[in-house]
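Notes to accompany the following structure.
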Amino acid sequence: MCFDEPFNPNLIRLPRPHPKNVDDEYLRLLDRDARAFWGAFGPVYPLEELDAALKPQTADWLGWLSDRADRLVLDTTRCWNKIESLADHTGPGTYLIHLHRSPAGFTASHLLPSDLGGSLWGKWHLFRRRRSFFDMDGGFNFWNVEDIVGSGPRSAFATQILQDSRLADRFYSWEAHLQLLYFWKIAYSKVEEAGRDAFGDRFLSVSFERFSRRPKEVLGDIDAATGLSLDMNSLPDVRPAPSVFQQGDARWFDGAERVGLPTDAQFLFRPQ
């Protein structure tokens with residue numbers, strides 16, 4: 001059993017299905033007992049991502065979902081700052097698998113979201129965003145990252161996560177792609193460090209780009225490490241991650257240097 005983004009507040013739309021048909025498990029639970037489902041539901045709202053602990057309702061939701069099957073995969077997106085809390089609320093047989101995009105890939109996906117390409121207006125909007133990509137000073141709230149980082153040095157993100165007034169002044173003066181690169185740096189580092197500390201050899205770090213290009217190989221590695229016995233015959237069509245927008249442009253390397261990331265093409269873009 002696999003739950004896609006169970007902490008996403010947008011699940012409130014159920015039973016209206018997701019366009020990508022990722023809701024089967026939720027819909028079955030709703031059919032079985034809708035009252036129990038909504039009584040247990042405990043999403044993580046954008047600013048709550050900054051808290052290190054799972055709030056009681058979310059911890060109960062995690063436990064309720066975990067009780068639905070002996071073996072399950074549960075997407076913990078929105079818990080990048082709650083790794084120790086996840087360890088506290090899961091059993092000794094739980095593995096944490098960190099599936100992460102390259103920093104430039106993450107940044108470009110938030111500034112040039114592929115979902116915009118589904119309409120004529122969206123395609124025109126993407127065209128304009130590409131032309132001003134490295135000069136944009138906002139416009140990356142498609143997945144609530146702007147809600148999370150806020151808009152100034154007195155924001156919750158600045159006071160709870162950055163915790164440095166000079167760093168906060170720099171962060172909020174940066175263009176959008178620099179803010180996203182730095183946010184990636186913070187979230188990636190927190191999950192990698194806390195994951196290894198809290199889960200030990202039950203922590204796996206997996207490149208999204210490698211998974212997208214060799215899914216069966218990567219899932220085989222996960223299968224061997226976790227004993228999940230994944231059914232490779234039911235693997236959906238996985239498309240290779242596209243090349244990053246303007247890959248190799250000097251402004252990517254300059255941006256990496258400014259936010260304290262390695263100025264290395266393999267690190268920034270993970271090319272094939």
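All of these numbers come straight from a predicted model, not from anything done at the bench.
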> For residues 101-113, which residue pairs qualify under side-chain hydrogen bond (donor to acceptor under 3.5 Å, both in side chains), counting only residues two or more places apart or in two chains?
Replying inline: S102-E209
>> According to side-chain hydrogen bond (donor to acceptor under 3.5 Å, both in side chains), does anything in residues 174-198 pair up with another residue at least two apart or in another chain? List the pairs.
In response: N81-K190, H98-E192, E192-R196, E192-S205
Do [X] and [Y] have side chains that get closer than 4.5 Å, going by heavy atoms?
X: L116; Y: R129; result: yes
X: R166; Y: F171; result: no
X: L180; Y: V149; result: no
X: F140; Y: P113; result: no
X: L30; Y: L14; result: yes
X: T226; Y: L204; result: yes
X: S212; Y: R239; result: no
X: L96; Y: I83; result: yes

Going by side-chain hydrogen bond (donor to acceptor under 3.5 Å, both in side chains), name the residues that satisfy it together with [X], two or more places apart in sequence or in a different chain.
X: S155; value: Y172
X: N144; value: D147
X: R13; value: D23
X: D249; value: R251

>> Tell me whether S85 contacts the main-chain N or O of L54 through its side chain, where contact means a donor paired with an acceptor under 3.5 Å.
In response: yes
>> Looking at G42, is its backbone amide N or carbonyl O close enough to the side chain of T58 to form a donor-acceptor pair, meaning the two atoms are under 3.5 Å apart?
In response: yes
>> According to salt bridge (charged side-chain N to carboxylate O under 4.0 Å, His left out), who are the partners of D88, at least two apart in sequence or on a separate chain?
In response: none
Smallest separation among heavy atoms of [X] and [Y], with atom names:
X: R78; Y: P9; result: NE-CD, 3.9 Å
X: L268; Y: A256; result: CD2-CB, 3.7 Å
X: D201; Y: Y95; result: O-CE2, 4.3 Å
X: A198; Y: E84; result: CB-CA, 4.4 Å
X: P46; Y: I148; result: O-CG1, 3.6 Å

Can you list, pair by pair, the side-chain donor-acceptor contacts under 3.5 Å of residues 61-69, counting residues two or more places apart and other chains?
| residue | atom | partner | partner atom | Å |
| --- | --- | --- | --- | --- |
| W61 | NE1 | P6 | O | 2.8 |
| S66 | OG | L62 | O | 2.8 |
| R68 | NE | W64 | O | 2.6 |
| R68 | NH2 | W64 | O | 3.3 |

>> Check this for me: E257, atom CD, are more than 12 non-hydrogen atoms of other residues, nucleotides or ligands nearer than 6.0 Å?
In response: no
>> Counting only heavy atoms from other residues, nucleotides and ligands, does the tally under 6.0 Å from CG of D70 exceed 12?
In response: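 No, the 6.0 Å shell around CG holds no more than 12 heavy atoms from other groups.
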>> Between E49 and K82, does any side-chain N to carboxylate O distance fall below 4.0 Å?
In response: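 Not counted as a salt bridge, because no side-chain N and carboxylate O are separated by less than 4.0 Å.
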> Cluster partners of F127, using ILVMFWY side-chain heavy atoms under 4.5 angstrom, listed by chain and number?
Replying inline: W124
>> Under the criterion side-chain contact (heavy atoms from CB on, under 4.5 Å), I'd like the reasoning laid out for M136 against L111: C-alpha separation, chi angles, the key distance, then a yes or no.
In response: CA-CA 9 Å; M136 293 172 62; L111 289 174; 3.9 Å; yes
>> Please evaluate residues E217 and R210 with respect to the criterion salt bridge (charged side-chain N to carboxylate O under 4.0 Å, His left out), reporting the C-alpha separation (whole Å), side-chain torsions for both, the decisive distance (0.1 Å), and the verdict.
In response: CA-CA 9 Å; E217 176 184 314; R210 177 172 174 256; 2.9 Å; yes
>> Quick one about H125 and R130 (side-chain donor to acceptor, distance below 3.5 Å, no hydrogens or angles considered), yes or no?
In response: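 Checked: R130/H125 side chains show no N/O donor-acceptor pair below 3.5 Å.
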Scan for ring-ring contact (aromatic ring centres under 6.0 Å, His included) pairs involving [range], sequence neighbours excluded, and state none if there are none.
range: residues 190-210; answer: none
range: residues 70-94; answer: W80-F183
range: residues 212-237; answer: none

>> Taking the ring centre of each residue, are F133 and W252 less than 6.0 Å apart?
In response: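 Between F133 and W252, the centre distance is under 6.0 Å.
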Rounded to the nearest 0.5 Å, what's the gap from [atom1] on [X] to [atom2] on [Y]? Could you check?
X: R202; Y: T94; atom1: CZ; atom2: OG1; value: 6.5 Å
X: L29; Y: F3; atom1: CG; atom2: CZ; value: 5.0 Å
X: E146; Y: F157; atom1: CD; atom2: CZ; value: 12.5 Å
X: D75; Y: D4; atom1: CG; atom2: CG; value: 5.5 Å
X: L228; Y: I222; atom1: CG; atom2: CD1; value: 8.5 Å
X: L261; Y: F267; atom1: CG; atom2: CZ; value: 5.0 Å

>> Please determine whether side-chain contact (heavy atoms from CB on, under 4.5 Å) holds for the pair W38 and I12, giving the CA-CA distance in whole Å, both sets of side-chain angles, and the decisive distance to 0.1 Å.
In response: CA-CA 9 Å; W38 292 118; I12 197 70; 4.0 Å; yes
> Are E48 and F7 close enough, and set up right, to give a side-chain contact (heavy atoms from CB on, under 4.5 Å), and what steps lead you there?
Replying inline: CA-CA 11 Å; E48 292 174 346; F7 304 120; over 6 Å; no
>> Test ring pair (Phe, Tyr, Trp, His ring centres under 6.0 Å) on F269 and F253; report intermediate values, then the result.
In response: CA-CA 10 Å; F269 310 114; F253 298 98; 5.7 Å; yes
> Checking side-chain contact (heavy atoms from CB on, under 4.5 Å) for the pair L178/R258: CA distance, chi angles, key distance, verdict?
Replying inline: CA-CA 8 Å; L178 297 178; R258 290 176 67 185; 3.3 Å; yes
